[in-house]
Amino acid sequence: GAWWFFVILASYLGIGIGNLAKITGVENYCLSGSIAKAQGHFIEACLEAVKQRTYPRLAKKVKVFPSALGEEGNLLGAAYGVFQQVSGTL
């Protein structure tokens with residue numbers, strides 16, 4: 001059912017994070033928006049895909065965690081970007 005959908009989604013996200021980690025060396029990844037609510041097994045499945053797709057030494061350092069702002073994180077980030085654009089032109 002729905003559980004397998006989230007496992008597949010987490011795996012694809014982990015593949016992307018693993019590729020980004022290899023390319024950029026960035027070790028910390030913050031999930032925001034509605035996906036931040038899907039903690040626990042979702043993050044575990046994501047990290048498992050990271051381990052399979054990147055170098056072992058780097059995979060041990062990669063961290064995936066939910067945003068402290070939850071679902072509002074994306075909205076607040078967008079609002080902040082607009083505020084900076086508007087305030088920069090005044």
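We number each residue from 1, following the sequence as shown. Keep in mind the model is a prediction, meaning the values are calculated, not measured.
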T54 and side-chain contact (heavy atoms from CB on, under 4.5 Å): which single residue from K61, K60, K22 fits?
K22
S11 versus A49, closest heavy-atom pair with distance:
O-CB, 3.4 Å
Between Y29 (side chain only) and A21 (backbone N and O only), is there a donor and an acceptor less than 3.5 Å apart?
yes
C46 and I17 have their tightest heavy-atom pair at SG-CD1, 3.8 Å
Is it true that, when you exclude Y55 itself, more than 12 heavy atoms of the residues, nucleotides or ligands shown sit nearer than 6.0 Å to its OH?
no
Taking a hydrophobic cluster as the set of Ile, Leu, Val, Met, Phe, Trp and Tyr residues connected by side-chain heavy atoms closer than 4.5 Å, whether directly or through intermediates, do V26 and I43 fall within one such cluster?
yes
Roughly how far, to the nearest 0.5 Å, is the CG atom of L13 from the CG atom of L47?
9.5 Å
Apply side chain to side chain contact (heavy atoms under 4.5 Å, CB included) to the pair E27 and L58, showing each step before the final yes or no.
CA-CA 8 Å; E27 299 170 353; L58 180 58; 4.3 Å; yes
Any side-chain heavy-atom pair of V62 and K51 under 4.5 Å
no
Cluster overlap I15 with L20, hydrophobic side-chain contacts below 4.5 Å:
no
Joint cluster assignment, L69 & F42, ILVMFWY side-chain distance < 4.5 Å
no
